[in-house]
Amino acid sequence: MSCVRLLVLMSVLGTTYSKGVTEWCVEKDKFLGEHFSGTYVYDDLEAAKEICLGREDCFGITKVPKKKGAKYTLRSHWKLMDSTSGETSYVPCRGFFNCSTFGLKSIHGTFLSANPAFTADWDKSTYGSLEQITFQQWGKDSGFLRSYHGRYLSATPQGKLAWDRTWKRDWELFKISQHENKISLKSAHGEYVSAQPDGTVDVDRIRALIWEWFIVQPQECINNIECDCSRAIRGENYELENVVYDLEAAKVHSDLREVVGFQYVHNKNGTSEQTAIFEIYQTRTETAIFTKTAGAEIETGTAFLTGFHGVEEGRIYEEISGKYEFAHGIARKKHTILEASYHCNAPPGSTVKCVALLFRYRSEVPYTQSWRHKRLACTCESSGVFSETSAHEMQLLVEQD
């Protein structure tokens with residue numbers, strides 16, 4: 001290959017081995033080959049299933065009759081063989097797909113096709129009957145692909161594909177890895193199916209890069225779609241679905257008490273109360289910002305609309321305000337005009353100083369955001385702290401000599 005392709009990480013770690021299993025097929029008087037050592041023998045079928053689904057090297061389970069009760073043994077090979085001792089085998093056989101047929105679309109915008117000559121091509125820009133694939137799951141992450149003509153896809157040791165097999169053997173079994181709504185196909189020879197830009201198809205790649213990942217269409221045909229929440233959330237792919245605030249853990253701090261005006265009234269020699277009226281006019285900037293502390297990363301500047309809990313008289317009010325536009329990681333600024341008119345009253349024989357004070361509050365409210373993918377049926381969560389600094393409360397302080 002002469003061009004450089006970006007690596008797409010495969011979702012095959014941890015518990016993802018079992019993500020495609022919703023049903024186990026029961027095969028009576030059959031046993032699976034290549035059993036494990038005596039360590040992997042269980043008295044309970046459900047316990048054996050749970051262990052098997054968590055292991056990459058377990059294909060299925062064979063029940064072995066014993067005088068003191070049956071034993072369930074983990075098996076590593078996919079082939080079923082006839083049993084003369086009453087054995088029964090259990091194999092995962094459903095869960096990855098929920099449609100009878102579907103198509104596979106490459107990064108080049110073309111579909112895998114089975115032509116009447118039983119060759120495999122990746123050169124059709126539309127999804128028709130020749131591009132319909134039937135998947136027969138056999139194992140938690142493997143199965144057989146059958147074409148519109150009723151033939152099975154086969155991978156040869158020479159790195160070529162053909163749609164000409166009427167049987168299901170080693171070369172026709174492919175291992176599946178899933179990433180969001182895409183899958184990769186690994187042959188029994190340990191190499192990946194690859195769609196070439198010229199419409200040909202090979203099965204000779206040792207790694208799954210972007211030419212080896214295929215979109216399942218229609219999208220609803222593939223189960224277990226999970227967003228790749230390890231990648232930064234961006235506005236072109238995600239939109240904010242919901243925000244939940246933890247008011248019980250919220251905090252309000254009184255950051256500043258600022259003198260914004262004063263008035264003296266001298267009435268030492270007066271015989272009646274004297275009054276002076278003074279007015280306060282202030283412009284202040286209030287800020288609000290969402291700061292992520294855990295969960296999915298949000299690209300700085302990602303825009304979203306949401307309401308929030310504000311501060312009133314030093315307390316967080318419970319009702320959420322209307323929708324406002326925010327940009328993640330960037331403070332939303334609002335210029336507020338504060339006006340007040342005060343009467344400064346001095347009794348006879350006194351001097352009074354009236355001081356107008358402006359109180360500024362800073363609130364911190366923990367939150368959890370749910371971000372919905374715009375194309376895929378999945379969400380990512382991000383949590384953090386919503387901080388708001390407001391200066392909207394004035395009070396009058398009266399000092400008398």
Side-chain angles (χ1 to χ4, degrees), residues 10-98 133-146 150-157 165-178 183-193 203 222-224:
M10 296 189 300
S11 260
V12 294
L13 301 177
T15 58
T16 55
Y17 301 132
S18 62
K19 68 188 297 183
V21 176
T22 58
E23 183 180 330
W24 291 70
C25 287
V26 181
E27 301 288 339
K28 293 184 178 181
D29 296 319
K30 299 285 185 180
F31 69 92
L32 291 164
E34 298 184 15
H35 60 81
F36 285 76
S37 66
T39 306
Y40 301 104
V41 178
Y42 303 90
D43 296 326
D44 180 71
L45 175 59
E46 295 306 316
K49 286 181 178 180
E50 184 177 354
I51 297 297
C52 184
L53 291 178
R55 295 183 60 90
E56 185 181 13
D57 54 359
C58 179
F59 190 88
I61 299 166
T62 293
K63 175 184 175 182
V64 181
K66 299 288 185 180
K67 291 182 178 180
K68 295 183 178 182
K71 298 293 183 180
Y72 298 91
T73 61
L74 304 189
R75 303 297 175 111
S76 61
H77 200 274
W78 70 272
K79 286 184 179 179
L80 285 172
M81 289 167 277
D82 293 332
S83 171
T84 59
S85 57
E87 294 171 307
T88 299
S89 291
Y90 304 85
V91 178
C93 59
R94 191 180 301 275
F96 253 104
F97 304 99
N98 56 30
I133 297 170
T134 299
F135 181 75
Q136 297 178 359
Q137 186 167 339
W138 190 244
K140 54 184 173 285
D141 56 0
S142 57
F144 306 95
L145 283 74
R146 193 177 66 181
R151 302 295 181 95
Y152 290 97
L153 187 66
S154 181
T156 70
R165 301 300 197 268
T166 58
W167 55 80
K168 295 183 289 186
R169 299 173 185 168
D170 284 337
W171 292 6
E172 290 72 58
L173 186 69
F174 291 87
K175 185 172 182 178
I176 294 180
S177 295
Q178 180 180 351
I183 65 170
S184 65
L185 301 171
K186 189 176 184 180
S187 75
H189 314 295
E191 296 173 321
Y192 290 92
V193 175
V203 56
I222 187 170
N223 296 322
N224 314 299

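Fair warning: this is a prediction, and the values are worked out from it, not measured in the lab. By convention here, the first residue in the shown sequence is residue 1.
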Check your understanding: Going through the checks in order, is the side chain to side chain contact (heavy atoms under 4.5 Å, CB included) test met by F97 and I183?
Key -> CA-CA 11 Å; F97 304 99; I183 65 170; 4.1 Å; yes

Exercise for review: Give the intermediate values and the outcome of side chain to side chain contact (heavy atoms under 4.5 Å, CB included) for residues D82 and K30.
Suggested key: CA-CA 5 Å; D82 293 332; K30 299 285 185 180; 2.4 Å; yes

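For the pair H77 (side chain) and K79 (backbone), a donor-acceptor distance under 3.5 Å is present. At distances below 3.5 Å, at least one donor-acceptor pair connects side-chain atoms of Q178 with backbone N or O atoms of N224. With hydrogens and angles ignored, the 3.5 Å screen pairs a side-chain donor or acceptor of T73 with a backbone N or O of T62.
A salt bridge does not link E172 with R169: every distance from a Lys NZ or Arg NE/NH1/NH2 to an Asp or Glu carboxylate oxygen is 4.0 Å or more.
Heavy atoms only, all atoms of each residue included: W78 and K168 are closest at CH2-O, 3.5 Å. The shortest heavy-atom contact between F96 and D141 is CE1-CA, 3.7 Å. When all heavy atoms of C52 and L74 are compared, the closest pair comes out as CB-CD2, 4.0 Å. Closest heavy-atom contact between L173 and W138: CD1-O, 4.2 Å. Of all non-hydrogen atoms in L32 and S89, the two that sit nearest each other are N-OG, 3.4 Å. Between V91 and G139 the shortest heavy-atom distance is CG1-N, 3.7 Å.
Between W24 and P92 the shortest side-chain heavy-atom distance falls below 4.5 Å. Looking at S187 and F174, their side chains come closer than 4.5 Å, going by heavy atoms from C-beta outward. Contact annotation: the side chain of M81 approaches that of F31 to within less than 4.5 Å [non-hydrogen atoms, C-beta and beyond].
Interatomic distance, I133 CD1 to L153 CG, rounded to the nearest 0.5 Å: 8.0 Å. The structure places CG of L145 at 6.0 Å from CZ of F135, a figure rounded to the nearest 0.5 Å. Residue L45 holds its CG atom at 10.0 Å from OG1 of T88, rounded to the nearest 0.5 Å. Atom NZ of residue K66 and atom OG of residue S85 lie 9.0 Å apart, to the nearest 0.5 angstrom. Between T166 atom OG1 and R151 atom CZ the span is 6.0 Å, to the nearest 0.5 Å. Atom NZ in K186 sits 6.0 Å away from atom NZ in K175 (nearest 0.5 Å).
Within a 6.0 Å radius of NZ in K63, no more than 12 heavy atoms belonging to other residues, nucleotides or ligands are found. The number of heavy atoms from other shown groups lying within 6.0 Å of CD (Q136) is above 12.
Cation-pi check for R165 over F144 is not met; the charged atom does not lie both under 6.0 angstrom from the ring centroid and within 45 degrees of its normal.
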